[in-house]
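Quick note: numbers below take in every heavy atom, side chains included, and nothing from hydrogens, waters or symmetry partners. Since this is a predicted model, take the numbers as computed values, not measurements.
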Amino acid sequence: MSNHLKLKHHTTPAAEKNSSTLDSFVAKTVCHPQKMEKLNYATCDMIAKDALPVSFVEGDGFCDLMKAIEPSYTVPSRKTVSTLLLAKFVAKKMNVKAAIEGMASVSLTTDCWTSRASEGYMTVTAHSIDEAWRNVSFVLDTTPVGGADREDVVVRHTAAALTQQMSAIVEEWALEEKLGAIVHDNASNVKNIGRSLGVDDVPCAGHTLQLCVNNGLKAHANIGRLISCGRRLVGHFKKVLWPLRHWN
């Protein structure tokens, strides 16, 4: 009937007119401020949990997804997301400080690494046991290793630079009176980092075991040659199978 009226009488049924009016009304509605705020915070949580770049909100795919979910929602700008993330970071940091204040003793672990841009970083994680005898851990800091004169200048992983950075972290988190030990690998630039702060240095058990295994493998020449042959064999088949997998 609808097609007949359109083709023969050039009229539009009232139901379709009402539907069109309703569609235009829905398209013109504005997202409720509370819902918009909820979606903004949900977006920030996703970026933080999945370690996404802030520019993610400017991607066409994300914008299309949000348009399909909530057509009246305006995707926040990169600046807005950065502001919200900073506020969440400050709030989370205050919560972690409050939790650490209630701990009788804290131990730290360090992890030094180099980015693709050849910048030296150090990550420091605090470990303790809460009142319910549960092991709790908090990442306190992941920042470039700064120089002695200027913190904004990235320097190499020298013992002096790492010690200075660790000392600043301990002071920032008020750990001077409750720090028990610092766990690290066996590298020469960090093996005495705890002693400089008046606490015990504890070498990482996993790293120490790996060094023992490596030394054991190097103890006999035949073992070294066998490992070298195996490495070359695996590399050969990787080169052969890689084109086949992509061809299929």
S.K.: Distance check, rounded to the nearest 0.5 Å: Q210 atom CD versus N214 atom CG?
M.R.: 4.5 Å

S.K.: Provide the closest heavy-atom pair for S128 versus V106 in the form atom of the first, atom of the second, distance.
M.R.: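 Distance-wise, the nearest heavy atoms are CB-CG2, 4.4 Å.
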
S.K.: State, to 0.1 Å, how close V57 and C63 come at their nearest heavy-atom pair, and which atoms those are.
M.R.: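 Reported closest heavy-atom pair: O-SG, 3.6 Å.
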
S.K.: Passes side chain to side chain contact (heavy atoms under 4.5 Å, CB included), L175 versus L140? Steps please.
M.R.: CA-CA 11 Å; L175 301 176; L140 303 184; 4.0 Å; yes

S.K.: Would you find a donor on one side and an acceptor on the other, under 3.5 Å apart, between the side chain of D201 and the backbone of G194?
M.R.: yes

S.K.: Is there a side-chain contact between M166 and I182 (heavy atoms, below 4.5 Å)?
M.R.: yes

S.K.: So among N186, V213, D185, which one has a side chain to side chain contact (heavy atoms under 4.5 Å, CB included) with T208?
M.R.: N186

S.K.: Can you list every salt bridge (charged side-chain N to carboxylate O under 4.0 Å, His left out) pair that touches residues 167-183, not counting sequence neighbours?
M.R.: K93-E172

S.K.: How close do V199 and G180 get, heavy atom to heavy atom, and via which atoms?
M.R.: CB-O, 3.8 Å

S.K.: Give the intermediate values and the outcome of side chain to side chain contact (heavy atoms under 4.5 Å, CB included) for residues D141 and T125.
M.R.: CA-CA 7 Å; D141 193 80; T125 306; over 6 Å; no

S.K.: Do T123 and V139 have side-chain heavy atoms sitting under 4.5 Å apart?
M.R.: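 SC-SC contact between T123 and V139 confirmed.
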
S.K.: Can any side-chain N or O of T80 pair as donor or acceptor with the backbone N or O of P76 at less than 3.5 Å?
M.R.: no

S.K.: Stepwise, does the side chain to side chain contact (heavy atoms under 4.5 Å, CB included) test hold for F138 with H127?
M.R.: CA-CA 7 Å; F138 302 105; H127 307 269; over 6 Å; no

S.K.: So, the side chain of T163 versus the backbone of A160: is there a donor-acceptor pair under 3.5 Å, distance only?
M.R.: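 Here the side-chain-to-backbone pair does not exist.
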
S.K.: Following the transitive rule for hydrophobic clusters with a side-chain heavy-atom cut-off under 4.5 Å over Ile, Leu, Val, Met, Phe, Trp and Tyr, establish whether L39 and L52 coincide in one cluster.
M.R.: yes

S.K.: Can you tell me how far CG of L226 sits from CZ of R231, rounded to the nearest 0.5 angstrom?
M.R.: 10.5 Å

S.K.: What salt bridge (charged side-chain N to carboxylate O under 4.0 Å, His left out) pairs are there with at least one residue in residues 41-60, not counting sequence neighbours?
M.R.: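 Sorted pair list: D45-K88, E58-R78.
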
S.K.: Within the distance-only criterion (no hydrogens, no angle test), does the side chain of D130 pair as donor or acceptor with the backbone N or O of W133 below 3.5 angstrom?
M.R.: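 Side chain of D130 to backbone of W133: a pair is present.
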
S.K.: With side chains defined as the heavy atoms from C-beta onward, is the minimum distance between S115 and Y121 less than 4.5 Å?
M.R.: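 Result yes, sub-4.5 Å side-chain heavy-atom pair found.
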
S.K.: Would a 4.5 Å heavy-atom cut-off, applied to side chains only, mark K35 and Y73 as touching?
M.R.: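 Counting from C-beta outward, K35 and Y73 never come under 4.5 Å.
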
S.K.: Could you state whether L86 and V54 fall into the same hydrophobic cluster, counting links through intermediate Ile, Leu, Val, Met, Phe, Trp or Tyr residues with side-chain heavy atoms under 4.5 angstrom apart?
M.R.: no

S.K.: Say whether M66 and I47 are linked into one hydrophobic cluster, either directly or through other cluster members, by side-chain heavy-atom distances under 4.5 angstrom.
M.R.: yes

S.K.: Checking side chain to side chain contact (heavy atoms under 4.5 Å, CB included) for the pair F56/V81: CA distance, chi angles, key distance, verdict?
M.R.: CA-CA 10 Å; F56 176 79; V81 173; over 6 Å; no

S.K.: Checking H184 side chain against V190 main chain: does a donor-acceptor pair fall under 3.5 Å?
M.R.: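 At least one qualifying donor-acceptor pair exists.
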
S.K.: Are more than 12 heavy atoms from other residues, nucleotides or ligands located less than 6.0 Å from atom NZ of K97?
M.R.: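 Yes, enclosed.
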
S.K.: For residues F62 and T43, determine if any side-chain heavy atom of one lies less than 4.5 Å from a side-chain heavy atom of the other.
M.R.: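 Yes, close enough: below the 4.5 Å cut-off.
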
S.K.: For C44 versus L84, what's the shortest heavy-atom pair and its separation?
M.R.: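 Shortest heavy-atom separation between C44 and L84 comes out as SG-CB, 3.5 Å.
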
S.K.: Rounded to the nearest 0.5 Å, what separation is found between the OG atom of S196 and the CG atom of L162?
M.R.: 10.0 Å

S.K.: Is there side-chain contact between I129 and R134, with heavy atoms separated by less than 4.5 Å?
M.R.: no

S.K.: As an exercise, state the distance from OG1 of T74 to NZ of K67, rounded to the nearest 0.5 Å.
M.R.: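 One finds 11.5 Å between OG1 of T74 and NZ of K67.
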
S.K.: Is there side-chain contact between Q165 and T143, with heavy atoms separated by less than 4.5 Å?
M.R.: yes

S.K.: Supply the atom-to-atom distance L179 CG to S105 OG, rounded to the nearest 0.5 angstrom.
M.R.: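 So the gap between those two atoms works out to 7.5 Å.
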
S.K.: Ignoring hydrogens, what is the shortest heavy-atom contact between L197 and S167? Give both atom names and the distance.
M.R.: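 Closest approach of L197 to S167, heavy atoms only: CD2-CB, 3.8 Å.
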
S.K.: Is the closest side-chain heavy-atom distance between D111 and M122 below 4.5 Å?
M.R.: no

S.K.: Side-chain heavy atoms under 4.5 angstrom apart, residues restricted to Ile, Leu, Val, Met, Phe, Trp, Tyr: same cluster for W173 and V136?
M.R.: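 Yes; V136 is reachable from W173 via cluster members.
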
S.K.: Measuring from atom OG of S82 to atom CZ of F89, what distance do you get when rounded to the nearest 0.5 angstrom?
M.R.: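 Rounded to the nearest 0.5 Å, the OG-CZ separation comes out at 13.5 Å.
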
